[in-house]
There are 2 protein chains.
Amino acid sequence: MTTIKDVAKHAKVSVATVSRVLNQKGYVSKEAKQAVESAIKVLNYKPNAVARTLYHKTSGMIGLMIPDISNPFFPELARAIEDAALKEGYTVVLCNTDDQVKKEQHYLHALQQKYVDGVILATGTDSYDHYLALNLPVVGLDRFVSNKIPTVVSDNKKGAIAATEHLVEKGCQFITHLRGPKGLAPADERYQGFKEVVETHGVAHIIVEADFQIERAEAVTRGLLQKHPTIDGIFTSSDVTAAGAMKAAHTCKRVIPDDLQIVGFDGIPFGNMLVPSLTTVQQPIYEMGERATQLLIQLIEKKTMDSYWHELPTTLIQRQTTRGGGGHE
Amino acid sequence: MTTIKDVAKHAKVSVATVSRVLNQKGYVSKEAKQAVESAIKVLNYKPNAVARTLYHKTSGMIGLMIPDISNPFFPELARAIEDAALKEGYTVVLCNTDDQVKKEQHYLHALQQKYVDGVILATGTDSYDHYLALNLPVVGLDRFVSNKIPTVVSDNKKGAIAATEHLVEKGCQFITHLRGPKGLAPADERYQGFKEVVETHGVAHIIVEADFQIERAEAVTRGLLQKHPTIDGIFTSSDVTAAGAMKAAHTCKRVIPDDLQIVGFDGIPFGNMLVPSLTTVQQPIYEMGERATQLLIQLIEKKTMDSYWHELPTTLIQRQTTRGGGGHE
DNA sequence: CTGAAAGCGCTTACAG
DNA sequence: CTGAAAGCGCTTACAG
């Protein structure tokens, strides 16, 4: 690879002046500038990012910590983050943590040793102290981390309220909530929203925990439907869970939406590929990723920040798993 | 951050001997070693990866170039790659190229300036010259790039043959193939396999191009079903395309699998979430990603390589969109 | 306006 | 067995 020395030699100047024209910083005569620029062209010189990083202690990279890219909620998020990062000249390092503290810590060290400029945290359930101790710019995405760091979430509780009210309006009398893991803030908030509506309306209900895996959701729902044949509505904490519930309903010969109405949560693309297509609470996934990235970059570049708390609105999308939903979109 | 100098001072030795114990290279006395190790502990010292990279010209990072992580074929691939990379101590940089040469080139430069050790190429349709010119370790994944670089693909043609024969066996008399973009090798090979079977069996057929977007696939299929009411089988070039076809069938009141049988390609998880669940040709996606990563690392570490061509087998998974398919898996 | 020098944090010949 | 020195490829005070 050609280095700044080669360019200097070719342009018959010192490396200092090459550096000056590279960074457009400090005075440099027209002649010198031209000589350097032509040398750069001729030699097809690209400055070495690593050397720059070593000096500046800033790498232009951000770490993305998510539980698992193959969980269908995350690809769109990752895409948004990568797009937003690219736009600002940053590059993203993908880290799948499986929500394991050990993996998180491993990545955190690896990232820090590489001078990443910041990290987006969409993972981790309990202690975040190891992040805060780092004094590395961090933003929380889809998870509340600390009020000392910018956080982007969607309005989980309001979304859950809308979903549950929708089921009530559609005539459900006995509603199940398949809630996500306890201790996971979004799951807890959705649960809260559900409970609030069902209690103020005095609707019979039953709440069961299921993780975000389709198999578990299917099994749990099957058991539930067999035990409680009068269940006529299900609000799930994710779209994947809803898909599991739909499979169980199919197995148990329950017709959707006639016998059983279902509302999911997330708004990932496959909800609309299902038949019947899934009524769901749509999170603005792309915007969440984009916003989180912009905030992180603001933090990195030490720009001012209006607010640390960014709660984006959700939207109820009625499709065919609740009554009166037209065709597919 | 604490540096090697701090450690040296604390241990009362030179930085050279600190470096020696860090790298377990060269002679160092027991006493010195212990002093250094304890200093490292006390100071919680982590060697700076950037400085090492500058010296060694190797960063422990690999670039992953894919068209779009939000296309459901890629998350599992990315996960496999990240897992395999992690196991060998590498870190992965995510690059979404949208199959645009400009973006590819941008990333390639960015990656090279950061001394990435190699790249996995699962993108790009035409010229790959800019890669080869780089003399950077590269492996091709899901795309043939050049016979000079290791390549991992699945057996697209055989998979397509199995799919088409399955439709023929199940009694289809007029089969449509929704093929992927021309010029994209996997799509071309699947098309070849389809054609071969349909021609040797003398089965009526019609071939239409659709990209891998669900909306296009749905629209195309709808038109097709209206124009040719006797179509009774569809083989699609991807599972997403199949989902589109299924939606169109639903709209056109065609019952699957009674009136119309469908076989997809890819074996991504959502195929099994659909109702009816999708019969498809499963690619060993995880293994493909894993293998590609292992090959890349072999290349990087200059180990010997048995073969440059790795074609992994596909498997036909019969589910409910063809006759006689049991329940869901 | 320009160059020599020191420094970012490490590694590795080279002497001793 | 150990340290001083040069070097990886840049950047930026500091003199001039």
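All values below were derived from every heavy atom in this structure, side-chain atoms included, with hydrogens, water molecules and symmetry-related copies excluded.
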Option from B/Val13, B/Val21, B/Val18, B/Val15 for which side chain to side chain contact (heavy atoms under 4.5 Å, CB included) with B/Val7 holds: B/Val18
Between B/Tyr55 and B/Thr17, which is nearer to the 5' end of DNA chain D once each is assigned its nearest nucleotide? B/Thr17
Side-chain H-bond candidate by donor/acceptor type, B/Asp83 with B/Tyr286, under 3.5 Å: yes
Please state the P separation for the pair D/dA4 and C/dG7 - nearest whole angstrom. 16 Å
When all nucleic acid strands are considered with a 4.0 Å heavy-atom cut-off, which category describes B/Ser19: base, sugar-phosphate, or nothing? base
Which atom pair, heavy atoms only, marks the closest approach of B/Val36 to B/Thr17? CG2-OG1, 4.2 Å
Output all residues satisfying salt bridge (Lys or Arg N to Asp or Glu O under 4.0 Å) with A/Lys41, sequence neighbours left out; order by chain, then residue number. none
Using the criterion of both pairing distances under 3.5 Å for Watson-Crick and G-U wobble pairs, give all stems of 3 or more consecutive pairs involving DNA chain C. C:1-3 with D:14-16, C:5-12 with D:5-12, C:14-16 with D:1-3
Pairs touching residues 13-34 of chain B that satisfy salt bridge (charged side-chain N to carboxylate O under 4.0 Å, His left out), sequence neighbours left out: none
Strand-adjacent residues in residues 24-33 of chain A, judged by heavy atoms under 4.0 Å from DNA chain C: A/Tyr27, A/Val28, A/Ser29, A/Ala32
Can you confirm whether A/Lys103 is buried at NZ, in the sense that more than 12 heavy atoms of other residues, nucleotides or ligands lie under 6.0 Å from that atom? yes
Heavy-atom donor-acceptor pair, A/Asn48 side chain to A/Val50 backbone, under 3.5 Å: yes
Could you check A/His106 against B/Leu86 for side chain to side chain contact (heavy atoms under 4.5 Å, CB included), going step by step and ending with a plain yes or no? CA-CA 10 Å; A/His106 167 87; B/Leu86 176 62; 3.4 Å; yes
Does B/Asp117 have any salt bridge (Lys or Arg N to Asp or Glu O under 4.0 Å) partners at least two apart in sequence or in another chain, and if so, which? none
Of B/Ala51 and B/Arg20, whose nearest nucleotide on DNA chain C comes first from the 5' end? B/Ala51
Testing the 3.5 Å rule here: is there a donor-acceptor pair between the side chains of A/Thr53 and A/Ser59? no
Anything under 4.0 Å to a heavy atom of chain A counts; send over the first and last such nucleotide of DNA chain C, read 5' to 3'. C/dC1 to C/dG9
